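Predicted, not measured: the structure shown is a model, and the values here were computed from it. Quick note: numbers below take in every heavy atom, side chains included, and nothing from hydrogens, waters or symmetry partners.
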Amino acid sequence: MEVETLKYPAVRNYVAGQFVEGSEARSLEVFSPLSGAVISTVPLSGAAALNAAVEAAQAAFPAWSAMPIKERVQIFYRYKTLLEREMKALADLVREENGKTYDEARAEVEKAIELTEFACSMPQLIQGEFLEVSKGVEARAERKPLGVVASIAPFNFPNMVPHWTIPNALVLGNTMILKPSEVVPLSAGRIAELLKEAGLPDGVLNIVHGDREIVEAICDHPAIQAVSFVGSTKIAKLVYIRATSNLKRCVALGGAKNHLMVLPDAHPEMTASNVAASMSGCAGQRCMAGSTMVGVGAVDAIVAKIVEEARKIVPGQNLGSVISKEAKERIEQHITEAEAAGAKVLLDGRNARVAGQEEGYYVGATVVDFVTPDMRIAQEEVFGPVLAIMRTNTLDEALAIENANPYGNAAAVFTSSGSSARYVMDHANAGMIGVNIGVPVPREPFSFGGWNESKFGACDITGKSSIEFWTQLKKTTTKWNPESRVNWMS
């Protein structure tokens with residue numbers, strides 16, 4: 001197929017404020033999950049392309065970091081306005097390359113706007129500290145940028161997750177290399193164009209496309225000071241080990257197996273709508289999806305309502321596609337294996353088809369009851385619109401299941417009892433807890449991040465705690481009055 005016949009031009013790297021043709025011998029076709037059609041191509045860059053991007057970032061760093069933060073922020077105020085102006089076009093692009101519904105894609109861009117808004121508050125958050133520590137002796141602590149940093153983004157949020165890192169890291173004075181997922185490379189280029197229109201100097205943000213080779217090169221490059229990663233736990237662990245072995249800062253966010261504990265006193269309608277939305281939103285392709293429900297005691301009536309709500313989730317209407325044919329096959333295999341092992345499929349989303357998009361990668365909302373902890377569907381991240389229901393007699397048994405899983409992104413409890421909610425808040429082994437909320441994602445200024453094998457590294461890449469990750473502390477002590485008495489403190 002000739003590139004000229006594709007819906008979008010061939011994707012190119014973005015270096016020093018320009019889209020550049022690469023010399024890469026390798027490339028990939030970019031598919032739209034909605035239809036299965038090839039819509040573009042993306043280069044698989046190597047070390048030479050990364051070197052060029054890093055050189056551009058290094059050249060831009062002195063002037064960018066020297067610019068007062070109040071001036072850097074003005075660029076992001078303008079950028080926020082451009083995101084609002086381009087809302088529909090950006091959402092359409094996310095939908096095309098990722099397969100989300102339009103509403104989900106728009107919500108992703110709205111979150112990107114919120115993240116940009118938070119970055120604009122940085123001047124009020126990093127004012128530093130000053131104290132006269134002894135007579136005539138003053139100490140000052142200030143946050144300074146690291147230099148060139150890198151952000152490696154996943155396929156499931158092609159617009160939002162880059163905004164987890166770009167606004168904060170750049171406002172704080174760093175320059176950046178962004179490596180989008182090679183599966184969804186289109187949104188990144190539009191982000192770069194809008195930032196340039198907002199006034200971002202050339203070289204402050206650079207984009208290099210590729211696969212494993214470029215990720216390894218980022219981890220190895222001596223001029224890159226910090227690496228953030230979002231993706232699967234298997235790859236997050238490898239990136240963290242490789243980056244830190246090269247003496248870089250690294251926060252690598254991995255997968256999850258989030259448990260929604262439902263008690264008999266839970267509000268039936270609210271619980272059903274929240275659980276159904278949690279397991280199926282973004283086609284279940286998010287690390288905060290409530291993929292596992294643990295029913296405590298007599299919850300059959302609530303389970304019936306969950307199935308009723310899940311039936312309203314229709315592929316092609318309010319349920320998007322999964323990312324690839326391989327993902328669809330893997331998700332459906334999880335359902336088939338669970339059924340063969342004795343679980344009961346209450347709602348079956350296998351073999352879903354959408355009229356007019358028969359080649360799209362759709363899996364319907366699925367509810368599987370009487371799952372046992374030893375089943376693969378209870379242990380592995382399915383990453384699809386599938387809810388696996390396990391049963392226990394007590395809340396402690398439910399917590400034991402939740403706490404035994406190796407991940408630690410999120411856990412939630414649905415109950416009308418404050419004491420039960422408090423018990424889960426105190427005892428669940430996860431970094432983000434929900435009470436009657438199926439997707440307990442904190443909003444700015446609170447940071448996103450889990451525990452255990454859902455996150456490797458200290459600090460966070462979003463929220464207030466991201467300041468510590470994207471900066472380093474400079475301490476200065478000064479004395480100007482020789483007449484002051486000298487003691488051990490001065």
Side-chain angles (χ1 to χ4, degrees), residues 33-34 95 99-107 258-264 266-286 288-296 298-323 327-358 360-371 375 377-378 381-391 412 414 434 436-439:
L34 297 172
R95 174 166 164 73
K100 284 181 167 69
T101 67
Y102 176 77
D103 287 346
E104 289 171 338
R106 183 182 175 93
N258 306 314
H259 292 72
L260 311 178
M261 289 163 272
V262 176
L263 278 60
H267 187 282
E269 286 77 15
M270 181 173 68
T271 300
S273 62
N274 268 266
V275 171
S278 179
M279 70 90 166
S280 65
C282 301
Q285 298 176 124
R286 52 186 178 183
M288 293 296 286
S291 61
T292 305
M293 172 185 150
V294 185
V296 180
V299 294
D300 286 354
I302 296 176
V303 169
K305 284 195 173 291
I306 290 171
V307 174
E308 181 182 330
E309 286 296 318
R311 289 188 192 279
K312 301 174 186 177
I313 301 168
V314 180
Q317 296 181 21
N318 55 353
L319 178 63
S321 63
V322 297
I323 193 64
K328 172 180 168 67
E329 292 171 350
R330 176 184 52 76
I331 293 162
E332 292 183 344
Q333 182 61 30
H334 273 291
I335 301 166
T336 300
E337 284 185 13
E339 186 176 35
K344 184 178 181 181
V345 179
L346 303 181
L347 182 63
D348 195 343
R350 288 171 289 186
N351 303 312
R353 295 290 184 272
V354 173
Q357 295 180 323
E358 287 80 7
Y361 314 133
Y362 291 92
V363 179
T366 300
V367 180
V368 185
D369 202 356
F370 302 108
V371 170
M375 294 181 185
I377 197 172
E381 187 175 31
V382 177
F383 230 55
V386 180
L387 179 68
I389 301 176
M390 291 184 278
R391 305 289 191 126
F414 289 85
N436 297 321
I437 294 176
V439 184

query: In Å, rounded to the nearest 0.5 Å, how long is the span from CD1 of I377 to CD of E339?
result: 10.5 Å

message: Looking at A378, is its backbone amide N or carbonyl O close enough to the side chain of T292 to form a donor-acceptor pair, meaning the two atoms are under 3.5 Å apart?
response: no

N/O donor-acceptor pairs under 3.5 Å from side chains in residues 305-316, not counting sequence neighbours:
unit_1	atom_1	unit_2	atom_2	d
E309	OE2	K312	NZ	3.0

- prompt: How far does CG of D300 sit from CG of D369, to the nearest 0.5 angstrom?
  reply: 7.5 Å

- prompt: Under a 4.5 Å cut-off applied to non-hydrogen side-chain atoms, are H259 and M390 in contact?
  reply: yes

- prompt: Looking at residues at least two apart in the chain, or sitting in another chain, which of them share a side-chain contact (heavy atoms from CB on, under 4.5 Å) with A289?
  reply: R286

- request: Rounded to the nearest 0.5 Å, what's the gap from OG1 on T366 to CG on D348? Could you check?
  value: 5.5 Å

task: Please name the pair of heavy atoms, one in C282 and one in K100, separated by the smallest distance, quoted to 0.1 Å.
output: SG-CE, 3.5 Å

- prompt: Is the shortest heavy-atom distance from the side chain of R391 to the side chain of V299 under 4.5 Å?
  reply: yes

query: Can you name the nearest heavy-atom pair linking P264 to A298, along with the distance?
result: CB-O, 3.7 Å

- request: List the atom of H267, the atom of T271, and the distance in Å for their closest heavy-atom pair.
  value: O-OG1, 2.7 Å

message: What's the separation between atom OG1 in T101 and atom CG in L319, rounded to the nearest 0.5 Å?
response: 8.5 Å

message: Checking E332 now: which residues fulfil side-chain contact (heavy atoms from CB on, under 4.5 Å) with it, not counting sequence neighbours?
response: K328, R350, N351, V363

Nearest non-hydrogen partners of Y102 and R95, listed with the distance: N-CD, 3.8 Å

- line: Residues at least two apart in sequence or cross-chain that pass side-chain contact (heavy atoms from CB on, under 4.5 Å) with A107, listed by chain then number, are E110

Side-chain touch V322/P385, heavy atoms, less than 4.5 angstrom: yes

message: Using the side-chain contact (heavy atoms from CB on, under 4.5 Å) criterion, which residues pair with S278? Sequence neighbours excluded.
response: L260, V439

message: Are F414 and M270 packed together at the side-chain level, in the sense that at least one heavy-atom pair is separated by less than 4.5 angstrom?
response: no

field: Test applied, side-chain contact (heavy atoms from CB on, under 4.5 Å); reference residue, V367; option that passes from V386, V345, L347
entry: L347

message: I'd like to check the side-chain hydrogen bond (donor to acceptor under 3.5 Å, both in side chains) partners of S273; sequence neighbours left out, ordered by chain and number.
response: none

- request: State the OH-CD1 distance between Y362 and I331, to the nearest 0.5 angstrom.
  value: 13.5 Å

